[in-house]
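Scope of the values below: all heavy atoms of this structure, side chains included, with no hydrogens, waters or symmetry mates.
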Amino acid sequence: MRGIGAAGLFSPFVSLLDPRKAQAAVGSAKYLMIFHTTGTDINLWHPAGSTNSQISFSEMLEPLAPLTDSLVIIEGLDSKGTANNHAAPGGLTGVGYSSNERISLEQFVGDGLDAQGVTTPFSSLILGGESSQSQSTFYRDGQALSPLFLPSTAYNTVFGGVTPDPGNGESALDRLARRQSILDVVGDQLGALSSQLGSEERQKLELHTDSIRELEERLVLEADGGGGGGAGCSEVNDPSDSGESLHNCALLADMAATAFGCGLTRVAAIEFGHHQATQIGIPEIGPGDWHNYLHSGLSQNLINVERFVGEQFVATAQKLQSLPSPDGNGSIYDHTLMIWTRGMGDAIGHSGTDMRFVLAGGAGGYLNTTPNGRYLQGGGQAHQRVLFNCCEAMGITDFTGFGSTDANAGAREPLSSIGS
């Protein structure tokens with residue numbers, strides 16, 4: 001709760017004072033988890049026989065089956081020339097080489113949450129990738145950003161503040177126990193807010209305040225050894241770096257889920273591999289190079305690489321399902337939108353005219369799902385519309401400064417077929 005204040009803890013009630021904002025927040029998610037890879041072989045990926053209410057998994061997509069009832073997959077979207085080659089920046093930005101103000105999805109959403117008062121130690125985390133290659137996936141102010149490549153680096157950077165202090169053994173929860181209640185700190189603000197609400201919403205505010213007080217008491221109890229863990233942050237283990245890139249990315253994805261459970265961030269993105277050289281050392285796949293698999297006809301190797309990423313997507317979802325939501329309402333997965341994005345569409349032909357996404361998660365009820373999954377055809381719509389869906393799911397509906405403004409009509413709106 002450090003530094004959050006009333007704006008963060010009570011933002012759902014502040015929004016009630018503005019009907020437009022209250023409507024935009026309906027069904028919004030609280031967490032955004034992004035998996036990112038280069039393009040693929042679109043024919044091997046294609047889930048032939050799928051319908052709007054049922055997914056027939058291809059061999060490449062089959063590992064995603066455990067998430068079927070919360071899964072939406074879409075293909076046939078067009079990057080409008082922004083993601084049609086190696087190092088093209090449009091995958092997560094929606095804009096091409098000519099823009100000097102590129103910002104990627106995770107940065108934009110993190111900034112948007114900050115602006116709403118949803119403050120965490122890290123506005124967003126970017127992880128994975130290949131340190132030996134030029135970076136071209138994540139952007140801020142038009143400049144490419146470098147992710148945290150190694151699990152050990154990410155551990156020291158992200159979890160240094162929540163692990164015991166080597167000096168005195170005091171943990172973050174121990175320090176919390178000595179602090180004044182946030183409710184006492186913002187008492188005057190709460191009173192002013194309450195006076196502006198109607199009787200029904202005032203009652204909701206009182207219930208919300210009680211839940212915050214209970215959460216504080218539970219954290220203090222856990223700090224004294226009575227709670228057995230720490231709200232999704234009971235075990236943060238220092239990982240050992242692997243010499244194999246994809247294994248490192250798997251560790252980083254698990255770490256990102258733990259960061260959600262620890263309340264350290266609401267937004268995380270993991271880049272698996274790179275659009276150029278990515279050495280694969282997993283026995284059942286390699287040894288070999290991911291880029292070479294795309295262009296040398298080694299289709300089974302390519303299938304196996306993508307199956308591995310799909311398995312990590314599911315493993316991360318299952319980790320989030322195991323972590324309780326801080327508000328006591330289900331799991332963190334219930335409030336998370338997961339999305340698997342691409343740097344290209346057809347990587348064989350170096351084309352961005354057939355972009356594809358995988359979306360999953362409870363997403364606060366945002367995703368329009370069916371028990372047997374949903375398959376959508378994009379029909380040449382701009383792929384950035386799905387990026388706008390991610391923003392909308394997180395309660396961000398002002399897209400100013402994000403994505404292309406010169407795409408065809410309607411490209412500045414989320415796809416209505418994805419959101420509920």
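A donor-acceptor pair shorter than 3.5 Å cannot be found between the side chains of Gln321 and Ser331. Defined by atom type and a distance below 3.5 Å, a donor-acceptor pair is missing between the side-chain atoms of Asn84 and Ser351. Side-chain polar atoms of Glu106 and Ser104 form a donor-acceptor pair below 3.5 angstrom. Under the 3.5 Å distance criterion, with hydrogens and angles disregarded, a donor-acceptor pair is assigned to the side chains of His275 and Ser136. Using modelled atom types and a 3.5 Å distance limit, the side chains of Lys80 and Thr353 yield no donor-acceptor pair. Under the 3.5 Å distance criterion, with hydrogens and angles disregarded, a donor-acceptor pair is assigned to the side chains of Thr40 and Glu306. Asp327 and Ser325 share a side-chain donor-acceptor pair at under 3.5 Å.
Between Arg412 and Glu392 there is no salt bridge, since none of the side-chain N atoms of the basic residue sits less than 4.0 Å from a carboxylate O of the acidic one. Ion pairing between a basic and an acidic side chain is recognised when a charged N comes within 4.0 Å of a carboxylate O; Asp141 and Arg102 show no such pairing. By the 4.0 Å N-to-carboxylate-O rule, Arg342 lies too far from Asp354 to be salt-bridged with it.
Asp41 places a side-chain N or O within donor-acceptor distance of the main-chain N or O of Leu44, the cut-off being under 3.5 Å. With Glu130 contributing its side chain and Ser132 its backbone, the two residues share no donor-acceptor pair below 3.5 Å. Of the possible polar contacts, none joining the Gln54 side chain to the Gly49 backbone as a donor-acceptor pair under 3.5 Å is found. Proximity of a side-chain donor or acceptor of His274 to a complementary backbone N or O of Ser134 within less than 3.5 Å is detected. Remark: side-chain polar atoms of Asn301 are paired, donor with acceptor, to backbone N or O of Ile285 under 3.5 angstrom. Remark: side-chain polar atoms of Asn389 are paired, donor with acceptor, to backbone N or O of Leu415 under 3.5 angstrom. Side-chain N or O atoms of Arg385 include none that pairs as donor or acceptor with a backbone N or O of Ala411 at under 3.5 Å. Looking at Asp289, its side chain does come within 3.5 Å of a backbone N or O of Thr278 through a donor-acceptor pair. In this structure, Ser50 contributes its side chain and Ser56 its backbone to a donor-acceptor pair below 3.5 Å.
For Gln133, the CD atom sits in a packed shell: over 12 heavy atoms of surrounding residues, nucleotides or ligands are nearer than 6.0 Å. Within 6.0 Å of CG in Asn100 there are 12 or fewer heavy atoms belonging to other residues, nucleotides or ligands.
Within the model, atoms CG of Asn292 and CG of Leu302 stand 11.0 Å from one another, a figure rounded to the nearest 0.5 Å. Between atom SG of residue Cys249 and atom NE2 of residue His36 there is a gap of 11.5 Å, rounded to the nearest 0.5 Å. In this structure, Ser79 OG and Gln384 CD are separated by 10.0 Å, a value rounded to the nearest 0.5 Å. Rounding to the nearest 0.5 Å places CE of Met255 at 6.0 Å from CZ of Phe159. In this structure, Asp334 CG and Tyr31 OH are separated by 11.0 Å, a value rounded to the nearest 0.5 Å. A distance of 9.0 Å separates CG of Leu376 from CD1 of Ile55, quoted to the nearest 0.5 Å.
Between Phe313 and Glu311 there is no side-chain heavy-atom pair separated by less than 4.5 Å. Taking the side chain as every heavy atom from C-beta outward, Leu148 and Ile126 never approach each other to under 4.5 Å. Here the side chains of Thr265 and Phe260 are in contact, with some heavy-atom distance below 4.5 Å. Side-chain contact between Lys30 and Ile332 is absent, with no heavy atoms from C-beta onward closer than 4.5 Å. Looking at heavy atoms from C-beta onward, Ser28 lies out of side-chain contact with Tyr366 at the 4.5 angstrom threshold. Side-chain atoms of Gln107 and Ser124, non-hydrogen and from C-beta on, do get closer than 4.5 Å to each other.
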Take Asn304 and Tyr293 through the test side chain to side chain donor-acceptor pair (under 3.5 Å) and record every step on the way to the result. CA-CA 10 Å; Asn304 289 343; Tyr293 296 161; over 6 Å; no
Are Thr258 and Leu323 close enough, and set up right, to give a side-chain contact (heavy atoms from CB on, under 4.5 Å), and what steps lead you there? CA-CA 8 Å; Thr258 301; Leu323 300 175; 5.8 Å; no
Step by step, would you call Thr400 with Asp398 a side chain to side chain donor-acceptor pair (under 3.5 Å)? CA-CA 6 Å; Thr400 303; Asp398 183 354; 2.6 Å; yes
Test side-chain contact (heavy atoms from CB on, under 4.5 Å) on Thr38 and Leu294; report intermediate values, then the result. CA-CA 10 Å; Thr38 187; Leu294 287 164; 4.2 Å; yes
Applying side-chain contact (heavy atoms from CB on, under 4.5 Å) to Val386 and Ile339, what does each step give before you reach the verdict? CA-CA 10 Å; Val386 179; Ile339 182 167; 3.9 Å; yes
Is there a side-chain contact (heavy atoms from CB on, under 4.5 Å) between Gln300 and Leu298 once you walk through the steps? CA-CA 6 Å; Gln300 191 59 53; Leu298 297 173; over 6 Å; no
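The aromatic rings of Tyr375 and His46 sit perpendicular, their planes meeting at an angle over 60°, well past the 30° parallel limit. Taking the six-membered ring where tryptophan is involved, the planes of Phe388 and Phe399 are essentially parallel, since the angle between them stays under 30° and well short of 60°.
When all heavy atoms of Leu71 and Thr369 are compared, the closest pair comes out as N-CG2, 4.4 Å. Ile396 approaches Leu113 most closely through the heavy-atom pair CD1-N, 4.1 Å. The two atoms that bring Val95 and Pro89 nearest to each other are O-CG, 3.5 Å, heavy atoms only. Counting all heavy atoms, side chain and backbone alike, Leu264 lies closest to Thr120 at O-CB, 3.5 Å. Across all non-hydrogen atoms, the minimal contact from Gln312 to Ala250 is OE1-CB, 3.4 Å. Counting all heavy atoms, side chain and backbone alike, Ala83 lies closest to Gly343 at CB-O, 3.4 Å.
With Arg307 as the partner, the salt bridge (charged side-chain N to carboxylate O under 4.0 Å, His left out) test is satisfied by one option alone out of Glu62, Glu284, Glu59: Glu62.
Within the structure, ring-ring contact (aromatic ring centres under 6.0 Å, His included) contacts touching residues 327-350 (residues at least two apart or in different chains) are His86-His350, His295-His350.
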